[in-house]
Structure formats: C-alpha cells, structure tokens
Amino acid sequence: MPTGENYTTNLTDSLDTVMAAARIVNEYEGVMPQLVERQKLEEGTGLAWNEVSFAKLTATAVAETERLNNPQQYTDTNFAITPSVVGVHTVITDRVRARLAKVAYAKMGALAQNAIQRKKDADGLLVLDGATTSLGGAGTTLVSGLISAAVAQIRGNTTEPAEGPVACVLHPFQRHDLFSELTAGVGTYPIPTGDSATVFKTGFSLPVAGADIFSDGNLTIDSSDDAKGGVFAKKGIVLVEGRGPWKETRREPDLGGGADSVWLYNEYAYGERLAGGSTGAWIFEIYTDALAPTS
C-alpha cells in the first residue's frame with residue numbers, strides 16, 4: 001500500500017473537470033452590408049429585384065427665328081438582381097445536449113448566424129474584387145493618393161457622377177500603411193497637435209479625400225501577401241435581401257438515440273449598379289501589399 005503525503009498530483013482520477021467559462025472564437029463580422037445600398041425583395045414580386053434607369057437627354061439652342069425639330073428619344077435600361085439562398089446545417093444529439101456543459105452549450109447557438117453574416121460580408125467583398133478598374137498593383141504599398149484618385153473618378157465620372165457617401169474598405173494590414181504615411185515624421189520632426197498626432201495616438205480613423213475608411217479582416221490575403229480592398233459609392237453596390245433569416249428543424253429519432261437537425265437560412269445577393277448604363281464607374285479595386293506589418 002502506498003505511503004506518504006497526499007497531493008492533487010496523485011489523485012488526478014478524483015478531480016472533476018468543470019467548464020467554468022466558454023467563449024466563441026473571435027471573428028470579423030464585416031462591414032460590407034452596412035456600407036452599401038440595401039433593398040428588399042418583397043413577397044409576391046417575382047424572383048428578381050428590378051430597377052429601371054433613364055439616360056439623359058440633350059438640350060438644343062434655339063434661335064428666335066428657328067423652329068425646334070429635334071425630338072429626343074428616351075432610353076431605358078433595366079438593372080436586375082436575383083437573390084439566392086445560403087444556409088448552415090447542424091445536428092445536435094440528445095446525448096450532447098444532456099452531457100455538454102451548460103456554459104458551453106449556451107454559446108453554440110450564435111455560431112450559425114455568425115457564419116451566415118461572415119459569408120454575407122465575404123460576398124460583398126467579392127464585388128470589390130470584380131471591379132472593372134484596379135488601382136495599385138501586386139507588391140505596391142498603399143498610399144492615400146490611390147484612394148484620392150478613386151474618389152475623384154467616382155465623383156467626377158463624366159457619364160454619371162456619384163452622389164452620397166463614399167467608403168474605402170481595406171484589410172487592417174493595408175490600413176496600417178496609411179498610418180505609416182501620416183506618421184512618417186515621428187522621431188524626426190516635431191509632431192504638433194493635429195491629424196498626425198491624433199493618428200499616432202489612436203490609429204488611423206480619418207477620411208481620405210472624402211472617403212470614410214473601414215477595416216475588414218475578411219479580405220483575403222493571397223500567396224504573395226497582397227489584398228484587394230476597394231473604394232466605392234454607397235449607391236454603386238446594391239444588396240437585395242429576400243426572406244430571412246429563418247430556421248427549419250427536423251427531429252431525427254433514429255440518430256444516436258435521438259437528435260435534432262437545424263437549418264438556418266438567408267436569402268440575398270449583391271449587384272453593381274450601372275452608372276449611366278455602364279459598369280465600373282462607381283467601384284474601384286485597391287490592390288496593394290498586405291504583408292503583416294513589423295514596424
């Protein structure tokens with residue numbers, strides 16, 4: 001029979017394992033759904049959301065002795081977006097529900113909605129990746145001039161200038177380059193109270209050339225450490241939402257002594273609005289280096 005003092009190290013089989021807390025792994029909710037124009041596809045209105053736009057007419061100078069005989073023809077263009085369904089399927093057995101720590105089980109319910117929200121954001125980012133015009137390039141360091149150029153082209157488009165808010169969405173690693181650009185003089189020159197001092201203390205949160213700057217960690221960094229963000233007018237991207245979110249459940253009595261299948265769905269789609277009847281006027285891709293910063 002063993003002899004000696006007793007410690008937890010020699011009584012491990014008698015120790016209870018209790019989950020004192022649980023947490024969901026942090027993820028980026030994303031910003032795209034909040035920055036674009038949102039429209040609702042109402043029930044009973046078909047599969048697609050439709051918008052018709054009319055091209056501009058031309059006015060003619062008329063002298064006092066002239067008769068105006070130059071009729072202008074109206075030209076219309078239909079813009080359609082057809083939402084599609086996305087979903088998440090989970091199965092929870094009765095045994096899991098009965099044996100899992102309550103503090104852990106309570107956290108699991110939000111994960112399916114988080115997954116749909118993340119996909120909704122990622123699908124919006126794909127619109128930026130598909131922009132007609134790309135500014136910057138692989139390995140290029142982001143500078144504010146690229147954002148300013150995009151804003152100027154969006155506001156000054158000769159076919160149809162954009163009105164309303166303009167946003168710039170970047171990976172946090174790209175956004176760091178804006179911080180570095182504005183605080184480059186720190187340590188070399190005195191930094192008086194102002195934008196540079198504010199950014200140095202709190203991080204880059206200033207608009208650039210009228211575009212509000214947003215970070216989105218759901219932007220993909222490719223194998224060459226580059227990422228594709230974008231600058232766009234709010235009216236340039238339309239998010240059409242149909243049904244949802246909604247949940248469906250099904251009892252599975254034959255699985256593991258009993259279980260529940262749960263499906264969570266949402267219906268939506270993004271589309272690039274035709275500016276003046278053409279694409280590429282209100283959305284610009286920002287393609288620059290996104291290597292993890294070290295200084």
Side-chain angles (χ1 to χ4, degrees), residues 30-41 48-58 74-84 119-137 140 142-171 174-175 178 205-216 218-220 226-241 268-288 290:
V31 297
M32 289 300 295
Q34 290 74 45
L35 299 179
V36 302
E37 181 178 312
R38 300 175 78 153
Q39 297 287 348
K40 181 70 175 178
L41 179 63
W49 176 85
N50 294 277
E51 176 185 84
V52 65
S53 61
F54 291 93
K56 58 189 177 183
L57 301 179
T58 301
Y74 290 98
T75 302
D76 59 352
T77 302
N78 185 48
F79 170 47
I81 301 176
T82 302
S84 58
K119 178 169 175 53
K120 202 171 191 178
D121 181 60
D123 289 345
L125 295 175
L126 286 177
V127 180
L128 303 182
D129 190 10
T132 302
T133 303
S134 180
L135 301 178
T140 303
L142 175 64
V143 293
S144 57
L146 292 176
I147 300 171
S148 177
V151 174
Q153 293 194 59
I154 290 171
R155 295 293 194 201
N157 184 269
T158 55
T159 303
E160 185 181 358
E163 299 176 345
V166 174
C168 174
V169 175
L170 304 168
H171 191 279
Q174 291 177 296
R175 186 171 177 168
L178 296 177
S205 58
L206 303 174
V208 173
D212 292 320
I213 310 299
F214 298 89
S215 291
D216 195 327
N218 291 327
L219 278 165
T220 301
D226 299 305
K228 295 178 179 179
V231 178
F232 56 95
K234 180 176 183 177
K235 289 185 176 182
I237 302 175
V238 181
L239 169 61
V240 176
E241 297 170 296
Y268 65 88
Y270 290 88
E272 180 179 352
R273 178 174 269 124
L274 306 179
S278 62
T279 59
W282 291 348
I283 304 174
F284 288 83
E285 178 185 276
I286 301 295
Y287 183 26
T288 63

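All residue numbers in this chain count up from 1 along the given sequence.
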Item checked: Side-chain touch Thr75/Phe54, heavy atoms, less than 4.5 angstrom -> no
Next item on the list: Output the distance between atom CE (Met32) and atom CG (Leu219), rounded to the nearest 0.5 Å.
Entry: 9.0 Å
Notebook entry, point to check: Excluding sequence neighbours, so at least two apart, what forms salt bridge (charged side-chain N to carboxylate O under 4.0 Å, His left out) with Lys119?
Noted result: Asp123
Check: Is there side-chain contact between Tyr287 and Thr140, with at least one heavy-atom pair below 4.5 Å?
Finding: no
Item checked: SB check Glu51 Arg273 (cutoff 4.0 Å) -> yes
Checklist line | For the student: nearest non-hydrogen atoms of Ser84 and Ala269, plus distance | finding: N-CB, 4.4 Å
Next item on the list: Nearest 0.5 Å please: distance from the CD1 atom of Ile286 over to the OG atom of Ser134.
Entry: 7.5 Å
Next item on the list: Step by step, work out the side-chain contact (heavy atoms from CB on, under 4.5 Å) result for Tyr268 and Leu239.
Entry: CA-CA 7 Å; Tyr268 65 88; Leu239 169 61; 4.0 Å; yes
Notebook entry, point to check: Would you say Gln174's side chain and Ala227's backbone share a donor-acceptor pair under 3.5 angstrom?
Noted result: yes
Item checked: Close side-chain approach of Glu160 and Trp282, heavy atoms under 4.5 Å -> yes
Notebook entry, point to check: side-chain contact (heavy atoms from CB on, under 4.5 Å) between Thr288 and Leu146: does it pass, once the steps are laid out?
Noted result: CA-CA 10 Å; Thr288 63; Leu146 292 176; 3.9 Å; yes
Notebook entry, point to check: Can you tell me how far NZ of Lys234 sits from CD of Glu37, rounded to the nearest 0.5 angstrom?
Noted result: 7.5 Å
Next item on the list: Work out which heavy atom in Ala211 is nearest to a heavy atom in Val151; give both atom names and the distance.
Entry: CB-CG2, 3.7 Å
Margin query: Rounded to the nearest 0.5 Å, what separates atom OG1 in Thr133 from atom CG in Leu135?
Written below: 7.0 Å
Checklist line | Heavy-atom pair of closest approach, residues Leu35 and Ala167 | finding: CD1-CB, 4.1 Å
Check: Is there a side-chain contact between Phe232 and Val36, using heavy atoms and a 4.5 Å cut-off?
Finding: yes
Notebook entry, point to check: Could you give the distance from CG (Leu170) to CG (Asp216), rounded to the nearest 0.5 Å?
Noted result: 10.0 Å
Notebook entry, point to check: Does Phe284 reach the side chain of Ile147, with side-chain heavy atoms less than 4.5 Å apart?
Noted result: no
Check: Would a 4.5 Å heavy-atom cut-off, applied to side chains only, mark Leu125 and Val127 as touching?
Finding: no
Item checked: side chain to side chain donor-acceptor pair (under 3.5 Å) partners of Asp212, counting only residues at least two apart -> none
Item checked: Audit row: Val231, Leu128, side-chain contact (heavy atoms from CB on, under 4.5 Å) steps and yes/no -> CA-CA 8 Å; Val231 178; Leu128 303 182; over 6 Å; no
Notebook entry, point to check: Does NZ in Lys56 sit with more than 12 non-hydrogen atoms of other residues, nucleotides or ligands closer than 6.0 Å?
Noted result: no
Checklist line | All salt bridge (charged side-chain N to carboxylate O under 4.0 Å, His left out) counterparts of Glu272, not counting sequence neighbours | finding: none
Notebook entry, point to check: Which heavy atom in Pro83 sits nearest to a heavy atom in Val240, and how many Å separate them?
Noted result: CG-CG1, 3.7 Å
Notebook entry, point to check: Which pair of non-hydrogen atoms, one from Ser215 and one from Val31, has the smallest distance, and what is that distance?
Noted result: O-CG1, 3.8 Å
Notebook entry, point to check: So do the side chains of Pro33 and Tyr270 get within less than 4.5 Å of each other, counting heavy atoms only?
Noted result: yes
Note to self: If I compare all heavy atoms of Ala48 with all of Leu41, which pair ends up nearest, and what's the gap?
What the structure shows: O-CD1, 3.6 Å
Next item on the list: Show your reasoning for whether side-chain contact (heavy atoms from CB on, under 4.5 Å) applies to Ile283 and Ile237.
Entry: CA-CA 8 Å; Ile283 304 174; Ile237 302 175; 3.4 Å; yes
Notebook entry, point to check: Would Lys120 and Glu241 count as a salt bridge (charged side-chain N to carboxylate O under 4.0 Å, His left out) if you check the C-alpha gap in whole Å, the side-chain angles of each, and the deciding distance to 0.1 Å?
Noted result: CA-CA 11 Å; Lys120 202 171 191 178; Glu241 297 170 296; 2.6 Å; yes
Next item on the list: First locate atom NZ of Lys228, then atom CG of Asp129, and finally report the distance between them rounded to the nearest 0.5 Å.
Entry: 4.5 Å
